[in-house]
Amino acid sequence: MLEINTDRLTIRRFCHKDGEELFRLVSDPEVMRYLEPPYTKNQAERLLEEAGLCEPPLIYAVEDVEKRFVGYVIYHTYGADGMEIGWVLKKSAWHKGYADELTGALMKDAEHRADYVVIECVPAQKASGRIALKNGFFYESREEGCDIYKYTFHVPKPNCKTTSAGQNSRGTLPGQGLKN
């Protein structure tokens, strides 16, 4: 069971009692501005069942130190070797550094589970792009209307053998012969 704690937040599994808080979050037009149209009660219930209570979950609840629901994170496999991360927070949780804190915590956990992580957001959602870049992600592409930012944990080493003297197979030292 996944539970991740930071100094100010806890990422935990959703439970049925989170339904009303989740509905208030995803029915808020400002919160959903860059995501989807605001959800109805039935849509929020389906989101909880199909993404929060499923195995494995696609989203996890986030609460503050006083155990108040402040939103959720997106955290699930992406492709064969990656994880997708993201966050949806209540307006009262905006501008507190929570998204950055959650990004760091999810990256730390994902490093043991995947080769890379991605953050997807629409181009108009500039704050998400800034948070991705601040955390070392690079802009990879735009697919289906979303900007994809990627952070790779395990960078493959170049396929260049070195000799005992530190020379590579071409007989030069690493970096030697490169033009400025």
Enquirer: Does Asp18 reach the main-chain N or O of Cys15 with its side chain, forming a donor-acceptor pair under 3.5 Å?
Expert: yes
Enquirer: Checking Ile119 against Glu84 for the side chain to side chain contact (heavy atoms under 4.5 Å, CB included) test, could you report, in this order, the C-alpha distance in whole Å, the side-chain angles of both residues, the deciding distance, and whether it holds?
Expert: CA-CA 6 Å; Ile119 293 174; Glu84 180 179 5; over 6 Å; no
Enquirer: What closest approach, in Å, do Tyr139 and Leu133 show between heavy atoms, and which atom pair accounts for it?
Expert: N-CD2, 4.4 Å
Enquirer: Quickly, which of Arg12, Arg8, Arg68, Lys90 forms a salt bridge (Lys or Arg N to Asp or Glu O under 4.0 Å) with Glu63? Name it, please.
Expert: Arg12
Enquirer: Could you pull out the closest heavy-atom pair between Ala114 and Asp81, with the gap in Å?
Expert: CB-O, 3.3 Å
Enquirer: How about Val122 and Asp147: do any of their side-chain heavy atoms sit closer than 4.5 Å?
Expert: no
Enquirer: What class does the angle between the rings of Phe69 and Phe14 fall in, given that below 30° is parallel, 30 to 60° is tilted and above 60° is perpendicular?
Expert: tilted
Enquirer: So if you build clusters from Ile, Leu, Val, Met, Phe, Trp, Tyr with side-chain heavy-atom gaps below 4.5 Å, do Phe23 and Met32 land together?
Expert: no
Enquirer: Can you measure from CG (Asp109) to CD1 (Ile11) and round to the nearest 0.5 angstrom?
Expert: 8.0 Å
Enquirer: For residues Ile131 and Trp87, determine if any side-chain heavy atom of one lies less than 4.5 Å from a side-chain heavy atom of the other.
Expert: yes
Enquirer: Could you tell me the separation between the CG atom of Leu58 and the CD atom of Glu50, rounded to the nearest 0.5 Å?
Expert: 10.0 Å
Enquirer: Within this structure, what is the CD-CG distance for the pair Glu111 and Asp115, rounded to the nearest 0.5 Å?
Expert: 10.5 Å
Enquirer: Find the distance between CG (Leu102) and OH (Tyr75) and round it off to the nearest 0.5 Å.
Expert: 12.0 Å
Enquirer: For a quick test of reading the model, state the closest non-hydrogen atom pair linking Met83 to Tyr78 and the distance between them.
Expert: C-CB, 3.7 Å
Enquirer: Could you go step by step and tell me if Arg24 and Glu21 meet the salt bridge (Lys or Arg N to Asp or Glu O under 4.0 Å) rule?
Expert: CA-CA 5 Å; Arg24 280 197 284 278; Glu21 287 284 355; 3.1 Å; yes
Enquirer: Show your reasoning for whether side-chain hydrogen bond (donor to acceptor under 3.5 Å, both in side chains) applies to Asn5 and Thr10.
Expert: CA-CA 5 Å; Asn5 295 292; Thr10 297; 2.8 Å; yes
Enquirer: Is Val26 close to Val31 at the side-chain level, that is, under 4.5 Å between some pair of heavy atoms?
Expert: no
Enquirer: Just by distance, do the side chain of Trp94 and the backbone of Leu89 share a donor-acceptor pair under 3.5 Å?
Expert: yes
Enquirer: If every non-hydrogen atom of Arg142 is compared with every non-hydrogen atom of Gly145, which pair is closest and at what distance?
Expert: CG-C, 4.3 Å
Enquirer: Taking all non-hydrogen atoms of both residues, which atom of Gly129 and which atom of Cys121 are closest, and how far apart?
Expert: N-SG, 4.1 Å
Enquirer: Strictly under 6.0 Å, is that where the ring centroids of Tyr149 and Tyr151 end up?
Expert: no
Enquirer: Could you go through the salt bridge (Lys or Arg N to Asp or Glu O under 4.0 Å) check for Glu120 and Lys150 one step at a time?
Expert: CA-CA 9 Å; Glu120 293 187 355; Lys150 185 175 184 179; over 6 Å; no
Enquirer: Which distance, rounded to the nearest 0.5 Å, do you find between the NE2 of His76 and the CZ of Arg113?
Expert: 13.5 Å
Enquirer: Membership question, hydrophobic clusters at under 4.5 Å side-chain separation (ILVMFWY): are Val88 and Ile148 in the same one?
Expert: no
Enquirer: Under 4.5 Å between side-chain heavy atoms, counting indirect links through other Ile/Leu/Val/Met/Phe/Trp/Tyr residues: same cluster for Ile59 and Leu35 or not?
Expert: yes
Enquirer: Can you name the nearest heavy-atom pair linking Ala110 to Val117, along with the distance?
Expert: CB-CG1, 3.4 Å
